[in-house]
Each structure stands twice: as structure tokens, then as C-alpha cells.
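Residue numbers begin at 1 in each chain, while the letters A, B, ... track the order of the sequences.
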Amino acid sequence: MPKPSAPNPAPDRDRAITLALTRWFHASARDLPWRHELRGQRDPYRSLVSEFMLQQTQVSRVLEKFEPFLTRFPTLTALAEAPESEVLAAWSGLGYYRRARLLHACAQAIVRDFHAAVPRDVPSLQQLPGIGRYTAGAIASIVFDQPEPIVDGNVCRVLQRLDAKPGSASQKDVIAWAWQRAESLVKLCSVSPSQREGASRHPEKASDAATPAAFNEGLMELGALVCTPAAPKCHTCPLRDHCAAHAQALVDDIPAPKPRAARARVHHDVALLWRRTASDIEVLLEQRPASGLWASLWQPPAIENAKKLRRTASSLLEALAIDAVPVQETKPRSSAFQTTHREIRFRVWIIEAAKVNPAARRWFPATSLSALAISNAHRALLELLPANSSKPSVQTRRDRATSSSA
DNA sequence: AAAGCGGGGCG
DNA sequence: CGCCCAGCTTT
């Protein structure tokens, strides 16, 4: 029986792409904690949390925080009812802290407007705080298997290479092209009634059918594991035979690198004030403003963007309007920290104070800091406290990889 | 339309 | 050391 001829060759190529990627994903997908299914479906709440954490953040970073967050906030309602300070504390170290506040507000909006059930459609999802076009498409397709496209950095790169589309993912025209391309591909994955009938008569073929969920997640998984920015593993790529960039030897030129602004270098003068108590030491912290860098997080009192070089602890305390008596003057310690947008040189005076008027600041026991919302930059500074000088309590990834688990 | 926002791993 | 990452909101 002759196969009906297609109107043009593109649909055949695209169908082959969706099928090959779906099969590869089912065979090669990593076992990630937010991919665990209950009764054949992803947990919408776990998926929601993972999507927020994964915004501009690598999987390896999210893996360290995901399960502790879910243990602390097991349900959407539990998250919605929690105080924001605890949500920020559980987010501590993940960066982009606005996401934590938006996730919190998102959970509250879902409870209020959708009876505590994550909505299934893109328009409803996209109205929620912190959910843009990508995250709405990801929830709709991956959790609810709807034929909605998604485009992130990974997907844009894969699609550009697939069609040898030049340009950078920072170009609006490239992004717009990628959304069109992703949409036309994912729509080929929606199961038509006749296909569903066929699948029920041939259940052994069911796992072969391309679904929006497997195709979309396959695009991202391929970008993460195979079609990487540098040194892509074309020899193991399931789409190699369909890839225009590979055929034309353009893989290393697509996508074009994204222009990036230079990092600003700034100095912060930090007063790491501590005092002894009967059983512990305490450290003086203040809360940052609710917007901007490290919004609402706790830190030692500091002069930011310090212009002039301060030479004594006393002069810093005076600038900070802290009425304290240093037990002794010490030289500042240097500590550098980088974010994407700036390089911060901390000058840290470690000051044991006999007497302090804390004003708006608060004393915290050193043992309570792990439950507080503090950036990784400032956690590193707190490691300079005398109580921590002999035992490193911030364990690096390298530490964990090389130390035996006792 | 453009800027702002963390943090770390990797080549 | 530069580049990149499962983006979104604000200005």
C-alpha cells in the first residue's frame, strides 16, 4: 500500500527528528529527582519548584537544594503558608533570590486563584508570579503533555545547529525563529485520535510515539548532555543525520558567542563583629534592602562601594554608626567574590567587641546561621570568625568529591 | 529595549 | 580567566 506523498519534505524530516529525539530521551534521560512520577504523571508541585530553581541555574547546583527544600515545604499549601524568611533561608546559596520570593508568591496565587492546583494551560500559568513564556510552556508540556513549545538557552542552540541557523541566542530575531521552530516541531508530537487508536491496538509501539513531554525534555537533555556549547558530542547524537550544522561543519560556529558586559570591580568594607557568650559566640548581622543585590538577605554590617581606603577598625565602626568598643584593633582580611556582573573585594575587619549598641542590627549565635538567609559570599566571610578558624564548615563540591563519607 | 540579578564549573 | 547556564521582572 503506497504511503501518501507529503506536500513537502520538511514534515518527514521533522517527524523523524521528533521520533529520534523521543526514543533517545526515553533511553538516555538522567534520573533527576523532579522527574519521578506518581501514577504515570509528574508531580506538578515538584515540577514547579524545579522549574523555578532551574531558571538560569545548572542542574548540578539545583540538585544540592531540591530535596531539602521539598522536605521543608512538602506541599504547595505548606509553601504558600510559610513565612518568606524561611523560604529565603531554604533558597540560601542558590542565587537570584528574587526567584524564591516569586515562587512563594506563585504558590500563594495558585492557592488563592486555582484551588491549590497548578493550572494546566499556558495563559493561566503565565499570569502567575515568576512564570514567563518558558516556564509556562515547560509545565504545560512536561507535566500535562500539552503540545506547547519551550525555548531556553539549550533548546535555542540545538535548534540553531539542527538548521544551521546563524546568530546568537541574545538576538531577538534568533529567539523568535527558535520559538516558531519549536512550536512546529512540538505540534507534530500531539497524538491524533487515529494514532491513539493505533497505539491501543499495538501497545508495544506506544513508547515509540513522540509526545510533547518527551520531545521537549529531550531537546533540553540533548542540549545539556550532547549538543553542548563547547565540544559537542556529535558522534553520539541521535539527530546527527538530520543536523545541518554537522553536515556543513558549522557546529563550532553556531551559535555565535553572546556579547557580555565587563564585570564591575567594587570594594566592600565589612565589620565582622562577634562576642562571646557562655556556650557559643554570636555575630552581629543586618538585613539587606528588599530589592537589589541579595535582596532581604542577612550580612555583617558593611560599607558598600567604599571609595577611600579605611585603615582602622574604629574608622569603619564610626562610618557604620556602630557604637562599639573593639577588644583590639586588627588589620583587615581580604576576600574576593565574583558574580556574573561584578567582582567584589571585601576588606574584613574581625572585631571582638566588648560592648555594642546594635541599633537595627541583631546578634545571632554562630550555630544558628545555617537556618538563616545568607548569600554564599557572606557565608564565606563568616567562616573567618574565630570559632570557624580551625574547622571549615562550608564544604565545597571538591571536598565532597574527594573526601570519603565517614 | 535594556538593565539587573548569583553562583559555580569547566576548558 | 572567559564563557555559560531549564529566565523573569523592572525600569
Separation of atom [atom1] in [X] from atom [atom2] in [N], rounded to whole Å:
X	N	atom1	atom2	answer
R288(A)	dC5(B)	CZ	C1'	12 Å
R101(A)	dG4(B)	CZ	P	19 Å
L103(A)	dG6(B)	CG	P	16 Å
L94(A)	dC8(C)	CG	C1'	16 Å
L48(A)	dG7(C)	CG	P	15 Å
L293(A)	dA3(B)	CG	P	18 Å
I175(A)	dC8(C)	CD1	P	11 Å
Q171(A)	dA2(B)	CD	P	12 Å

| Within 45° of the six-membered ring axis of W179(A) and under 6.0 Å from that ring's centre, is NZ or CZ of R133(A) located there? | yes
| request: Mark yes or no: R288(A) above the aromatic ring of W298(A), with NZ or CZ under 6.0 Å from the six-membered ring centre and no more than 45 degrees from the axis. | output: no
Could you give the distance separating [M] and [N] at their [atom1] atoms, to the nearest angstrom?
N	M	atom1	value
dG8(B)	dC8(C)	P	23 Å
dC4(C)	dC5(B)	C1'	16 Å
dA6(C)	dG11(B)	C1'	22 Å
dT11(C)	dG6(B)	P	15 Å

| Test item: L162(A) and R13(A) side chains (from C-beta on) under 4.5 Å apart, heavy atoms | yes
| field | L222(A) side chain reached by V155(A) side chain, heavy atoms, under 4.5 Å | value | no
| W294(A) side chain near dG7(B) phosphate (N/O to OP1/OP2, under 4.0 Å) | yes
| query | With no hydrogens and no angle check, is any side-chain donor or acceptor of K165(A) less than 3.5 Å from a backbone partner on W177(A)? | reply | no
| What is the nucleic acid contact for R133(A), judged by heavy atoms within less than 4.0 Å: base, sugar-phosphate only, or nothing? | sugar-phosphate
| Just checking S291(A): base, sugar-phosphate only, or nothing, at a heavy-atom cut-off of under 4.0 Å? | nothing
| Check ion pair E352(A)-R275(A) (N to O, under 4.0 angstrom) | no
| field | Working for side-chain contact (heavy atoms from CB on, under 4.5 Å), residues W34(A) and L70(A) | value | CA-CA 10 Å; W34(A) 47 90; L70(A) 266 292; over 6 Å; no
Which pairs, protein N/O on one side and nucleotides 9-11 of chain C N/O on the other, fall under 3.5 Å?
{"from": "dT9(C)", "atom 1": "OP1", "to": "G130(A)", "atom 2": "N", "distance (Å)": "2.8"}

| message | Taking the nucleotide of DNA chain B with the nearest heavy atom to each, does A295(A) or A231(A) sit closer to the 5' end? | response | A295(A)
| task | Under the side-chain contact (heavy atoms from CB on, under 4.5 Å) rule, collect the residues that match up with Q108(A), sequence neighbours excluded. | result | A80(A), H104(A)
| field | Atom of V118(A), atom of F144(A) and distance for their closest heavy-atom approach | value | O-CZ, 3.8 Å
| query | Is the distance between the ring centroids of H378(A) and F346(A) under 6.0 Å? | reply | yes
| said: Each nucleotide in nucleotides 1-6 of chain C should get exactly one letter: B, S or -. Can you fill that in based on protein heavy atoms under 4.0 Å? | reply: ---BBB
